[in-house]
Amino acid sequence: MDLPKQYDPAAASAKWAPVWDEAGVANADPPESLGVSPITGEAQAAPQGSEPKPPHAVMIPLPNVTGALHMGHALNGTVQDLVTRWRRMQGFEALWQPGTDHAGIATQAVVERRMLEEEGLTRHDVGREALVNRIWAWKETYEGRILGQLKSLGASADFRRTRFTLDDMCSRAVRAAFFKLFSDGLIYRGKRLVNWDTHLQTAVADDEVFEEETQGNFWTFHYPVVNEAGEDTKKSIQFSTTRPETMLGDVAVCVHPSDERYTALVGERVRVPLTGRLVPIIADALLADPEKGTGAVKVTPAHDPNDYACGLRNGLEMLNVLNPDGTMNAEAGEYEGLDRLEARGKIVEAMDALGFYDGVEDRVIQLKHSDRSKTPVEPLLSDQWFVRMGPSEDGSDDVDLAQSAIDAVEDGSVRFYPSRYKKTFTDWLGEKRDWCISRQLWWGHRIPIWSKTWDATEYDEKFAKGWTENPDEDGVVAVQTVRDEDAGTVTVLICIADDAEETERGYETAGFERDPDVLDTWFSSALWPLETLGWPEDTPDLQYFYPTGVLVTSRDIITLWVARMVLFGKYLRGDVPFQHVYIHPKILDGFGRTMSKSKGNGVDPLELVEKYGADAVRFTIASFAGETQDVRLPVSYEHPETGEIVQQTQAHTEAKPEQADDGTLLKPTVHFPKAKKDLQYVTPSYEPDPGVPVARVVADRFEYGRNFCNKIYNASRFAIFNLEGYTPGPVDAAALQLEDRWILSRLARVTEEITTLLGRYQLDAATRALRGFVWDEFCDWYVEMVKPRLRLEEGAEQTDERAAAQRVLVHVLDSILRLLHPWAPFVTEEVWATLKAIAPERGLPEPVAAADLCALASWPEANAEDVDESLEARFDALKEVVVAVRNVRGVYNLPPAAPLALHLRSAEDFAGDLGAVAEQFDQLARVVLAKAGAEVTRPPASAAFSLSSGGADGGPAEGFIPLGDVIDLDAERERQQAEAEKLRGHITGHEKKLSNENFVARAPAEVVEGVRETLATLKAQLAAAESVLAELR
RNA sequence: GGGCGGUUAGCUCAGUUGGUUAGAGCGUCUGAUUUACAUUCAGAAGGUCGAGGGUUCGAGUCCCUCACUGCCCA
């Protein structure tokens, strides 16, 4: 057998990924009894004479196609794959549903920005269709890259089912969902003050807005108070503003009700000079602050969120003075068509000329900017579509979407891990704020509403019985009529269900126009668990996999996404979309900032996979995934030739390419002092120049996983080298040695522990438990101890002893490979294949044929009969002896090869245990057990140590190692002194505790007894150290 | 302003319902290469658990206040 000394992850990935594909490892289908899936065209073959497999589905939190994945996604994907592979091994039909999200505004903004930078074109230059085509091309690139990244991590997702939120299947579900909501009266059109991005000409959500300090001005003006006839009086009211152009939209002036300066004026009217509008002076405690400025403020409900709220409270008119592109509209009179900033200057001048201008000061203003275009947003009142979240105001129906989702979490049908996130979910839904679902974009699901407006009288004459009585199109169209009494119009809104193109054309011919807006991205992603399984069809997939098992995601989309999936799931399918939600930590960079594409601090998992291997990245990342909130991941840059490492600084992440004097683009570099070189590096925002040497991103935390993978690979290599002559078969209990029984006991307990931890999504703890077992117990102790039994002289006959050792070793290794597989699929599969060639049948108590692939093997079950607590305790005592001997060797700086003798004063049974494994002592500590028993005395010129148990009288056993000439009496004295000091400290602590009457009286008896026992041991250990010291004097 | 986290060894993090002497990986120091693995092995040093108060026989763990820090919502 020829196995390289080091595990080669790249080779294993290249080898096994195609094999899994071929075997359909990741394919998941509904059972034959439900029929063939229309999605995959397949059904699960009925297992012979057994129940169909239980389902377990995981829906990927669809990554958006704006860019490639970073380490945060890698964590998310690793967790999902780990859970999926684990459940698959447990016998579930495990589906991991992959796919990507069109991410409306984000993707459109990226493509538009690039188009402008590279070609100087705006979307209006190219038009709707051409822009959408360009975005599709972008999507193709990044979808491919994202799926490639997932595959390189070893994702066992069912790629036959890959979906994209704008594909036909998802679009159909969106249409069906929208139609049902509209028919049920849960969708309505209304006015709303939105964050308007004048550059992209769309509303942006609150979470797409950031605040930035900007140098601005604070102008002060006054409006004249008028009498009942509307004529100016001598009185006036003064206020200040940062946006004078909004004066054109002023509909009131507001003061605080308790502000005595203005009490007399409340109820009077003022004249807005530039518009001539007469507006009231109102009192509103929530808007006006008597402490600030003059205490009076102008009110522009259509252009300020606070004013908007005030307008609603006081029934004020909403007067919009802006066009969508940021210029002034017809309401602005002579200023119509001017950009708002241009108008601002002219308006100040005009007010000055009229004598209403009172001065200006400089001021730093917190200005909201659009995250998409990086330009300032304007609050703007506009028509938007909404989904009603709470109960209907008139009580006409009993649908309460938000409440249904709250109930699902309250009654436990949806459970959060960790549970603290439940509150985020229910608190947010509890506000029951209607969901604004329209976006003024071209990239997305176009709203399936056609509308036409009539003059009210004309409408009434024409449709005396009302529009809704159109009998022909029942079930295909849904209708709402909206009567605007002020304008004297009636608007008919038609929602058309899918597959009704003829109907659509018909309405368009009749003069109906389709709404130009598209739906909020979250509308389609809220349908993800339904639409991917075939909804609105009642497919076998939906019947079988829905509700899914667990949603694995990050806390920042609990409200935006998780909540909406739950309420849509309940509303549309009558059941929750998933039973568990595991919220994993977020990956931060070395400076504590969330990894994100826009910050430039994202690390491409592919770079790390290439450097450390997919298994290593997965294993390390899984060790992060517990119940905590954040994990820091500092990274460095590595010189590709010298290996020199330079830590990443914030400057590296923030650097942007710069234009040189000669016009070439200079990419940022990282400086390597030793190599005296500056090298370019990869970031998510741009590529290095082709052909130049590039610094590679490294993160030493991943050595944790890499080293572990190499460790398990080499432990397997050792086993495989020692399996010559292996035969399958049971092992007599009598043939099991102490170390065999110990490792089997530990295996049973660790298997149980890992299974429990995975069930709670505590992957970090599960990872540690697995690593500790494999490395610190199996490799460091069991493998070392079994070595003598495996040795076979050249040409010698196989012995029973060796055969038993091989069977135990193979059994434990087999279990380890299966336990480790969900973390490290490639290395386990690689070893599995090699092992299968030598030991195709294996396992205890009875050997069975190994599965063809580790990925298809069954999850190990803990054998409770193997657990032996007292044996583990005895074994720990033996380990303690070995450690103590090694300690002496280390302290005396004795060469590891120099043989030592051990004299042990202990109880007889302990001496017996030790005698039973005495052979291995040579292997473990190069020490020969010379004497053991109660009567052993300390030989002269020896180093001494005491253990925590095993003594003749129930106290600690003592060990002595004769050192002869090498003994350094001073050093030994010093060592024993230090030991005695430490013991005295502990003894004082324990004595203090026991001298406290309250402790003895009130603490549980076993705790008190424990302290007493420990104290006795400590005292005995101290006595031993003191007697050694006395002899050394 | 409201809510949820975090602060434990030089770094990155564990520490389950309060209970014996607070752990790991990396890093540091010392020593080791007859064959599973130097991506290794053995040993060592290193922490008044953010500060202050309280509850308790007993607090890293529970409660309060404060400081610093992150996220979410307004």
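We name chains A, B, ... by the order of the sequence lines, and we start the count at 1 in each one.
The side-chain hydrogen bond (donor to acceptor under 3.5 Å, both in side chains) check on A:Asn887 picks up nothing, with sequence neighbours excluded.
When heavy atoms are screened at a 4.0 angstrom cut-off, A:Val1000 is found touching no nucleic acid atom at all. Heavy atoms of A:Arg771 sit under 4.0 angstrom from primed sugar atoms or phosphate atoms, though from no base atom. Within the 4.0 angstrom heavy-atom criterion, no nucleotide atom of any strand lies near A:Asn722. A:Glu753 comes within 4.0 angstrom of nothing in the nucleic acid, heavy atoms only. The residue A:Lys5 sits close only to the backbone: its heavy atoms come under 4.0 Å of sugar-phosphate atoms, none of a base. Within the 4.0 angstrom heavy-atom criterion, base atoms lie near A:Leu1018. Within 4.0 Å of A:Cys709, counting heavy atoms only, lies no atom of the nucleic acid at all. A:Val1007 comes within 4.0 angstrom of a nucleotide base, judged by non-hydrogen atoms across all strands. If you check every strand for non-hydrogen atoms under 4.0 Å, A:Lys982 touches nothing. Using a 4.0 Å heavy-atom criterion, one finds that A:Glu703 contacts no nucleic acid atom at all. Counting any heavy atom pair closer than 4.0 Å across all strands shown, A:Arg706 reaches a base atom.
Aromatic rings from A:Tyr421 and A:Phe416 are positioned such that their centres are separated by 6.0 Å or more.
Between B:rA42 and A:Trp781, no contact under 4.0 Å exists linking OP1 or OP2 to a side-chain N or O. Taking 4.0 angstrom as the limit, A:Asn887 places none of its side-chain polar atoms (N or O) nearer than this to OP1 or OP2 of B:rA42. A close approach under 4.0 Å does occur between a side-chain nitrogen or oxygen of A:Thr628 and OP1 or OP2 of B:rA14. For the OP1/OP2 pair of B:rA36 and a distance below 4.0 Å, the side-chain nitrogens and oxygens of A:Arg717 include no atom meeting the criterion.
Taking only distance into account, the side chain of A:Lys787 meets the base of B:rA36 through a donor-acceptor pair shorter than 3.5 Å. Contact annotation: side chain of A:Gln762 to base of B:rA14, donor-acceptor pair absent below 3.5 Å. Side-chain N/O atoms of A:Lys711 and base N/O atoms of B:rC37 include a donor-acceptor pair closer than 3.5 Å.
Taking the six-membered ring where tryptophan is involved, the planes of A:Tyr637 and A:His652 are perpendicular, since the angle between them exceeds 60° and thus also 30°.
To the nearest 0.5 Å, atoms OH (A:Tyr704) and CZ (A:Phe624) are separated by 9.5 Å. From A:Leu924, atom CG reaches atom CD of A:Glu784 across 6.5 Å, with rounding to the nearest 0.5 Å.
With both ends at atom C1', the span from B:rG5 to B:rA45 equals 34 Å, rounded to whole Å. Nucleotides B:rA9 and B:rG47, compared at atom C1', are 5 Å apart to the nearest Å. Between B:rA38 and B:rA24, the two P atoms lie 24 Å apart (nearest whole Å). Atom name P, nucleotides B:rG54 and B:rU48: the rounded distance is 22 Å, in whole Å. If you take atom C1' in B:rU69 and the same atom in B:rC62, they sit 23 Å apart, rounded to whole Å.
Taking a pair as Watson-Crick or G-U wobble with both distances under 3.5 Å, the runs of three or more consecutive pairs in RNA chain B are B:1-7 with B:67-73, B:10-13 with B:23-26, B:28-32 with B:40-44, B:50-54 with B:62-66.
A cation-pi arrangement, defined by a distance under 6.0 Å to the six-membered ring centre and an angle within 45 degrees of its axis, is present between A:Lys787 and A:Phe718.
The closest donor-acceptor contact from the side chain of A:Arg802 to the backbone of A:Arg789 lies at 3.5 Å or more, if one exists at all.
Where A:Thr424 and A:Arg886 meet RNA chain B, the nucleotide closest to each residue was compared, and A:Arg886 sits on the side nearer the 5' end.
Judged purely by distance below 3.5 Å, without hydrogens or angles, the side chains of A:Arg593 and A:Thr653 pair a donor atom with an acceptor atom.
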Check against salt bridge (Lys or Arg N to Asp or Glu O under 4.0 Å), A:Glu752 and A:Arg749: CA-CA 5 Å; A:Glu752 181 72 38; A:Arg749 285 155 76 99; over 6 Å; no
